[in-house]
Amino acid sequence: MKRRAINLMERQELLGCNHLALDVTDSLRQEGLTQLSEWMQALNATSVEKFGRGLRLALEPRQQIIGKSVFELAFLFDADGALIEFVNKQSNVEQEMSSGWEAFVWDGKGFV
(Lines give C-alpha, C1' and ligand atoms only; values in the text may rest on other atoms or scores of the structure.)
Protein backbone atom coordinates (compact mmCIF):
# COMPACT_ATOMS: atom_id res chain seq x y z
CA MET A 1 0.00 0.00 0.00
CA LYS A 2 1.42 3.37 -1.05
CA ARG A 3 1.34 6.00 1.69
CA ARG A 4 1.40 9.73 1.13
CA ALA A 5 3.70 12.10 2.97
CA ILE A 6 2.32 14.04 5.93
CA ASN A 7 0.43 17.15 4.81
CA LEU A 8 2.85 19.77 6.09
CA MET A 9 0.43 22.61 5.34
CA GLU A 10 -1.76 21.16 8.10
CA ARG A 11 1.19 20.29 10.38
CA GLN A 12 3.21 23.50 10.10
CA GLU A 13 5.17 22.78 13.25
CA LEU A 14 7.08 20.26 11.11
CA LEU A 15 8.13 22.80 8.45
CA GLY A 16 11.82 23.51 8.07
CA CYS A 17 12.97 19.94 8.40
CA ASN A 18 10.53 18.24 6.11
CA HIS A 19 10.43 20.12 2.85
CA LEU A 20 12.75 20.87 -0.04
CA ALA A 21 13.38 24.51 -0.94
CA LEU A 22 14.57 25.39 -4.44
CA ASP A 23 15.87 28.84 -5.38
CA VAL A 24 14.47 29.38 -8.88
CA THR A 25 15.57 33.04 -9.18
CA ASP A 26 18.15 32.37 -11.93
CA SER A 27 15.69 30.22 -13.87
CA LEU A 28 13.13 33.05 -13.89
CA ARG A 29 15.72 35.58 -15.05
CA GLN A 30 16.95 33.27 -17.84
CA GLU A 31 13.39 33.08 -19.15
CA GLY A 32 12.94 36.86 -18.91
CA LEU A 33 10.39 36.58 -16.09
CA THR A 34 10.15 38.54 -12.85
CA GLN A 35 7.16 36.95 -11.09
CA LEU A 36 7.10 33.47 -9.58
CA SER A 37 3.46 33.05 -10.65
CA GLU A 38 4.44 33.46 -14.34
CA TRP A 39 7.21 30.87 -14.01
CA MET A 40 4.86 28.45 -12.24
CA GLN A 41 2.23 28.84 -15.00
CA ALA A 42 4.87 27.86 -17.58
CA LEU A 43 5.99 24.95 -15.38
CA ASN A 44 2.39 23.80 -15.01
CA ALA A 45 1.86 23.90 -18.80
CA THR A 46 5.00 21.80 -19.28
CA SER A 47 3.81 19.32 -16.63
CA VAL A 48 0.40 18.96 -18.30
CA GLU A 49 2.03 18.55 -21.72
CA LYS A 50 4.60 15.95 -20.63
CA PHE A 51 2.78 14.06 -17.87
CA GLY A 52 -0.91 14.88 -18.35
CA ARG A 53 -1.06 16.31 -14.82
CA GLY A 54 -0.93 19.81 -13.44
CA LEU A 55 0.93 21.06 -10.39
CA ARG A 56 -0.70 20.60 -6.99
CA LEU A 57 -0.44 24.00 -5.36
CA ALA A 58 -0.22 24.07 -1.56
CA LEU A 59 0.32 27.83 -1.14
CA GLU A 60 0.02 30.56 -3.79
CA PRO A 61 3.11 32.74 -4.40
CA ARG A 62 3.44 35.47 -1.78
CA GLN A 63 6.06 38.03 -0.81
CA GLN A 64 8.07 37.74 2.37
CA ILE A 65 10.92 39.83 3.74
CA ILE A 66 13.71 37.74 5.21
CA GLY A 67 16.50 39.83 6.66
CA LYS A 68 17.09 42.62 4.13
CA SER A 69 15.89 40.56 1.14
CA VAL A 70 12.44 40.47 -0.46
CA PHE A 71 11.43 37.00 -1.69
CA GLU A 72 8.46 35.39 -3.37
CA LEU A 73 7.64 31.98 -1.90
CA ALA A 74 5.26 29.27 -3.09
CA PHE A 75 4.67 25.68 -2.00
CA LEU A 76 3.68 22.68 -4.12
CA PHE A 77 2.99 19.07 -3.30
CA ASP A 78 5.13 16.54 -5.17
CA ALA A 79 3.67 13.26 -6.49
CA ASP A 80 3.97 11.66 -3.04
CA GLY A 81 2.51 14.63 -1.16
CA ALA A 82 5.80 16.02 0.17
CA LEU A 83 6.22 19.80 0.09
CA ILE A 84 8.47 21.61 -2.34
CA GLU A 85 9.10 25.32 -1.82
CA PHE A 86 10.02 27.60 -4.71
CA VAL A 87 11.94 30.75 -3.77
CA ASN A 88 12.45 33.81 -6.01
CA LYS A 89 14.62 36.66 -4.70
CA GLN A 90 13.08 39.90 -5.93
CA SER A 91 15.13 42.68 -4.31
CA ASN A 92 16.85 44.02 -1.22
CA VAL A 93 15.42 46.45 1.30
CA GLU A 94 17.61 49.55 1.23
CA GLN A 95 16.52 51.23 4.45
CA GLU A 96 18.11 50.32 7.77
CA MET A 97 16.04 47.96 9.89
CA SER A 98 16.43 46.78 13.44
CA SER A 99 16.87 43.04 13.66
CA GLY A 100 14.86 42.80 16.86
CA TRP A 101 17.69 40.85 18.47
CA GLU A 102 19.64 42.22 21.39
CA ALA A 103 23.11 40.96 22.18
CA PHE A 104 23.55 39.68 25.73
CA VAL A 105 26.85 38.81 27.34
CA TRP A 106 27.28 36.13 30.00
CA ASP A 107 29.45 37.47 32.84
CA GLY A 108 29.58 34.19 34.77
CA LYS A 109 26.67 35.18 37.00
CA GLY A 110 24.03 36.10 34.48
CA PHE A 111 23.36 37.91 31.26
CA VAL A 112 24.20 41.60 31.14
Side-chain angles (χ1 to χ4, degrees):
M1 172 197 249
K2 184 176 179 180
R3 295 179 51 161
R4 287 205 173 273
I6 296 169
N7 185 340
L8 295 173
M9 295 311 289
E10 293 175 2
R11 299 277 316 273
Q12 292 187 15
E13 73 274 12
L14 301 176
L15 283 177
C17 296
N18 296 309
H19 76 283
L20 174 68
L22 301 172
D23 182 349
V24 297
T25 305
D26 289 341
S27 181
L28 267 82
R29 302 306 174 264
Q30 289 172 1
E31 295 181 30
L33 303 173
T34 59
Q35 301 294 315
L36 187 57
S37 59
E38 298 170 315
W39 184 83
M40 289 176 59
Q41 288 171 357
L43 182 63
N44 188 60
T46 301
S47 179
V48 169
E49 179 185 316
K50 291 190 177 207
F51 307 111
R53 298 185 75 175
L55 302 176
R56 293 190 316 139
L57 193 60
L59 182 67
E60 294 276 344
R62 61 184 175 89
Q63 274 192 344
Q64 183 170 341
I65 297 175
I66 302 172
K68 292 187 82 173
S69 300
V70 179
F71 293 93
E72 276 186 300
L73 310 173
F75 286 87
L76 300 176
F77 293 108
D78 75 1
D80 294 320
L83 278 177
I84 299 175
E85 177 182 16
F86 290 141
V87 179
N88 172 33
K89 183 174 181 183
Q90 292 187 308
S91 64
N92 291 314
V93 176
E94 298 302 325
Q95 74 185 51
E96 287 299 317
M97 296 186 312
S98 171
S99 70
W101 291 93
E102 293 184 33
F104 293 100
V105 177
W106 180 258
D107 68 358
K109 298 176 187 169
F111 288 103
V112 292

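Just the heavy atoms: all of them, side chains too, but no hydrogens, waters or symmetry mates, feed the values below.
Atom-to-atom distance recorded for Gln63:CD and Gln35:CD is 7.5 Å, nearest 0.5 angstrom. The CE atom of Met40 sits 7.0 Å away from the CD atom of Glu60 when rounded to the nearest 0.5 Å. If you take CG on Leu36 and CD on Gln41, they are separated by 10.0 Å, rounding to the nearest 0.5 Å.
Judged as a salt bridge (charged side-chain N to carboxylate O under 4.0 Å, His left out), and not counting sequence neighbours, the contacts of Lys68 are Glu96. Remark: Phe86 engages Trp39 in a ring pair (Phe, Tyr, Trp, His ring centres under 6.0 Å) (not counting sequence neighbours). Asp23 meets the side chain to side chain donor-acceptor pair (under 3.5 Å) test with Thr25; sequence neighbours excluded.
Checking side-chain atoms of Arg62 against main-chain N and O of Glu72 turns up no donor-acceptor pair under 3.5 Å. In this structure a side-chain-to-backbone donor-acceptor pair under 3.5 Å is present from Asn44 to Leu55. Under a 3.5 Å cut-off, the side chain of Asn88 and the backbone N or O of Thr34 do form a donor-acceptor pair.
Applying the salt bridge (charged side-chain N to carboxylate O under 4.0 Å, His left out) rule to pairs touching residues 25-41 yields nothing, sequence neighbours excluded.
Leu22 and Leu28 end up in the same hydrophobic cluster when Ile, Leu, Val, Met, Phe, Trp and Tyr side chains are linked at under 4.5 Å. The hydrophobic clustering, which links ILVMFWY residues whose side-chain heavy atoms are closer than 4.5 Å, places Leu43 and Leu20 together. Each of Val70 and Leu33 belongs to its own hydrophobic cluster when Ile, Leu, Val, Met, Phe, Trp and Tyr are linked at side-chain heavy-atom distances under 4.5 angstrom.
The hydrophobic cluster containing Val48, built from Ile/Leu/Val/Met/Phe/Trp/Tyr side-chain heavy atoms closer than 4.5 Å, comprises no other residue. Hydrophobic cluster membership for Ile66: Phe71, Leu73, Val87 (Ile, Leu, Val, Met, Phe, Trp, Tyr linked by side-chain heavy atoms under 4.5 Å, directly or transitively).
Using a 4.5 Å cut-off on side-chain heavy atoms (C-beta onward), Leu83 and Phe77 make contact.
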